[in-house]
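Notes follow the structure.
If you read the sequence from its start, that first residue is 1, and numbering goes on from there.
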Amino acid sequence: MKTLISNATLVDGTGADRRPADVLLDGTVIAAVADAGTLTATGTGAGRTIDAAGLVLSPGFIDMHAHSDLQLLINRDHYAKLSQGVTTELLGQDGLSYAPVDDATLAGVREKIAGWNDNPADLDWDWRTVGEYLDRLDREDHGGRIATNAAYLVPQGTVRAMVMGFAEGDPTPEQQQQMQDAIRTAMEEGAVGMSSGLTYTPGMYARTEELAGLCRTVGEMGGFYAPHHRSYGKGALGAYAEMIGLSRDTGCALHLSHATMNFAENKGRAGELLELIDAALDDGVDITLDTYPYLPGATTLSAILPSWASSGGTQATLDRLSDPDTLAKIRESVEIYGSDGCHGVVAEWDTLEISGVQNSALAGYVGKTIKDIAAEANSEPFDVFAQILRDDRLGTGILQHVGHEENVQAIMKHRTHTGGSDGLLVGAKPHPRAWGTFPRYLGHYSRDLGLLSLEETVHHLTGRPAARLKLHKRGLVREGYAADVVLFDPETVRDEATFENPRQAAIGIRYVFVNGTAAIDGGQPTGARAGRALRRSSDGLTREGQQ
């Protein structure tokens, strides 16, 4: 059926000024874009007309940092993202995801990032390669198609685990080549680039030289590198400089994941980071970045551990946490020196809030900080920290309250900025960014604070990330482009999700079309699932369909 959207205020994703327009959707594509009042249902053969007076029509939003790898397959309505106007997500983040794997690696990864994505026992884990995972997203069985479009980054930590295991150590030349070959194969099967989690094991064990070899392969394939780098706290600028140096030296494009400057030592220092990026851009280094518009971060409680304590996987870590002598060394690292897992910063127990647990017996801890729990139990915070890790088998999710508003605002105004939710969709009390990131940009930061114009904001959330992903005919409202579009009320759009009540849909998002199918209609979910796996093609562009 053709759908005519009439009398809309068009913000097309390029950054150009808004203008009144009529837009015709025909099947999965945008068939016409015309001046308002020039298209009619009779003339176009439209079976439905939406009067969009007072509404902005924009491209669907692109989440450049999503953790929906399993949730797209489990909770297929995916209302958290559709209700924000998200039509495309980038998966495989932070160096840890579920392809490519062998059986042993999959078992280890499933347990390791259960706090991010859950670890459902009843899911049919019937893929091992990146191509098979993308095929699974596209298959009509197992409950039907996915709700949003999805592209994938090959996760460096998972590849390293598959080749070298979860322990630390440098690769042999043969192992280095095996990792590079695995990444090349993953990109041939459709991955658009590579991610790393350099504060998470085993990815953090990779030295710069090891990463350089991987980045050369990614660059040769026309992809980009998206690192969660080694520190967002102590030594953050040096960690950013390492990533920029990798891009400069290898020729691989760089996309800085959830770019921010956190912890007390980085308050007000975003300008130093932006100067570093601008100098590299002026030298021709290809850099973009994404952020979420909130102060706290979200991760797993086990991420606070020093890397040596996490070596070897879940059971090895639990054994160390149960050995008194080793536990004393962990405590020294966490409370005196600052562990590399906690960005080199000494743990501040009042900033670590439990957001979700795997063990239901621990549910009463959700919403409380480690300091709160320790006070109630008349215990030392470190002892509570270690006990929760043991009782929850490292599956605990946390919010980490370490951000600074001035840094958040400065970075989101940068010329290479894109939006990424970093949204974890599991846990009793997840970060509200999973439900609120994109309307928060539109409402709070654009309309209320005037930090960016509406046109600039939409460009940051659509056309600019589409260019980084090399999406074929997506990310703009143009004739012949995919009909991924959003209609929202610019006067009322805002995030409703809060830290106290995070699973709240935004208001003001009236219609969301994914590949021409209405997923949100008149503000209500339709249950339609029209998403597609988007794969890097042999010509370097990212498009739907088999390779």
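No donor-acceptor pair under 3.5 Å is formed between the side chain of Asn515 and the backbone N or O of Thr28. Proximity of a side-chain donor or acceptor of Glu242 to a complementary backbone N or O of Gly238 within less than 3.5 Å is not detected. Within the 3.5 Å criterion, the main-chain N or O of Ser97 finds no donor-acceptor partner in the side chain of Asp69. At distances below 3.5 Å, not a single donor-acceptor pair connects side-chain atoms of Asp340 with backbone N or O atoms of Gly344. With hydrogens and angles ignored, the 3.5 Å screen pairs a side-chain donor or acceptor of Ser195 with a backbone N or O of Gly95. Formation of a donor-acceptor pair under 3.5 Å by the Thr542 side chain with backbone atoms of Leu469 is found in this model. Side-chain atoms of Arg529 come within 3.5 Å of backbone N or O of Arg145 as a donor-acceptor pair. When atom types are taken as modelled, the side chain of Glu132 and the backbone of Trp127 share no donor-acceptor pair closer than 3.5 angstrom. Formation of a donor-acceptor pair under 3.5 Å by the Ser339 side chain with backbone atoms of Cys342 is found in this model. Between the Asp63 side chain and the Ser421 main chain, a donor and an acceptor come within less than 3.5 Å of each other.
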Salt bridge (Lys or Arg N to Asp or Glu O under 4.0 Å) between Arg464 and Asp290, intermediate numbers included: CA-CA 11 Å; Arg464 187 177 289 164; Asp290 67 68; over 6 Å; no
With salt bridge (Lys or Arg N to Asp or Glu O under 4.0 Å) as the test, would you mind laying out the steps for Arg207 and Glu210 before giving the verdict? CA-CA 5 Å; Arg207 300 178 190 268; Glu210 177 182 331; over 6 Å; no
Could you go through Arg136 and Asp124, starting from their C-alpha distance and side-chain angles, then the distance that decides it, and tell me whether this counts as salt bridge (Lys or Arg N to Asp or Glu O under 4.0 Å)? CA-CA 10 Å; Arg136 176 66 180 273; Asp124 185 1; 5.0 Å; no
Which is it for Tyr232 and His258 under the ring pair (Phe, Tyr, Trp, His ring centres under 6.0 Å) test, yes or no, and what are the steps along the way? CA-CA 10 Å; Tyr232 293 81; His258 39 55; 5.2 Å; yes
Run the numbers on Arg468 and Asp286 for salt bridge (Lys or Arg N to Asp or Glu O under 4.0 Å), then give the verdict. CA-CA 10 Å; Arg468 167 52 82 208; Asp286 184 356; 2.8 Å; yes
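No side-chain heavy atom of Tyr337 sits less than 4.5 Å from a side-chain heavy atom of Val346. Taking the side chain as every heavy atom from C-beta outward, His460 and Thr457 never approach each other to under 4.5 Å. By the 4.5 Å heavy-atom criterion applied to side chains, Pro202 and Met164 are not counted as neighbours.
Across Gln180, Met187, Met179, Gln177, a single residue satisfies side-chain contact (heavy atoms from CB on, under 4.5 Å) together with Thr217, and that is Gln180. Lys112 pairs in a side chain to side chain donor-acceptor pair (under 3.5 Å) with only one of the listed residues (Thr314, Thr158, Thr201, Asn119), which is Thr201.
Two rings, from Tyr225 and His255, have their centers 6.0 Å or more apart.
Between Tyr79 and Trp435, the angle of the ring planes goes over 60°, which puts this pair in the perpendicular group of the 30/60° scheme.
Between Ala236 and Met261, the closest heavy-atom pair is CB-SD, 4.0 Å. What you find for Val192 and Ala151 is that their closest heavy atoms are CG1-CB, 4.3 Å. Contact detail for Val159 and Ala182: the closest heavy-atom pair is CG1-CB, 4.0 Å.
The line from OG1 of Thr250 to CD of Glu220 is 9.5 Å long, rounded to the nearest 0.5 Å. Rounding to the nearest 0.5 angstrom, the gap separating the NE2 atom in His78 from the CG atom in Leu73 is 10.0 Å.
Under a cutoff of 6.0 Å and an axis angle of 45°, Arg433 and Tyr292 form a cation-pi pair. Within the cation-pi definition used here (under 6.0 Å to the ring centroid, within 45° of the axis), Arg160 does not qualify as a partner of Tyr205.
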